[in-house]
Amino acid sequence: MTNLVLMIDMVFITAIIFLAWRSLMAPDLFQAVVLFIAFGLFLALGWARLNAPDVALAEAAIGSGVTGALLLSALRRLESRSQPDRKEKMSKER
């Protein structure tokens, strides 16, 4: 393995670990979901780099695609339920 390939792999591993950490520590839920989707895509690329195309496709389709869409949908529903509460609090404060 050449030094360039090893260096690229180390940067890639660091990016995966950084995305995982940031998605867990994100203060905003939308940001956490987007970082989770990016983490899944990088993980799929990692599986492809390890010559496991079937696992990479499953990770991209299920881990990033379907799960990301479900999390974004759940986040939108949570925000739509909390908006009337915010409007009531604003009107009570006035």
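All values reported here derive from a predicted model rather than from experimental measurement.
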The reported gap from CG in Leu72 to CD1 in Ile37 (rounded to nearest 0.5 angstrom) is 4.5 Å
Sorted by chain and residue number, the side-chain contact (heavy atoms from CB on, under 4.5 Å) partners of Thr14 (sequence neighbours excluded) come out as none
Which ILVMFWY residues can you reach from Leu70 by hopping between side chains whose heavy atoms are under 4.5 Å apart? Val66
Counterpart residues, ring pair (Phe, Tyr, Trp, His ring centres under 6.0 Å), relative to Phe12 (two or more places apart): Phe42
If we only count heavy atoms from C-beta on, is the Arg49 to Val5 side-chain gap below 4.5 Å? yes
With the 4.5 Å side-chain cut-off for hydrophobic clustering, are Leu43 and Leu41 part of the same group? no
Donor-acceptor contacts under 3.5 Å from residues 19-36 side chains, at least two apart:
residue, atom, partner, partner atom, Å
Ser23, OG, Leu19, O, 3.2
Ser23, OG, Ala20, O, 2.9

Give every donor-acceptor pair under 3.5 Å between a side-chain atom in residues 50-63 and any protein atom, sequence neighbours left out.
none

Under 4.5 Å between side-chain heavy atoms, chaining through other members, with only Ile, Leu, Val, Met, Phe, Trp and Tyr counted: pull out the rest of the cluster around Leu4, sorted by chain and number. Met7, Ile8
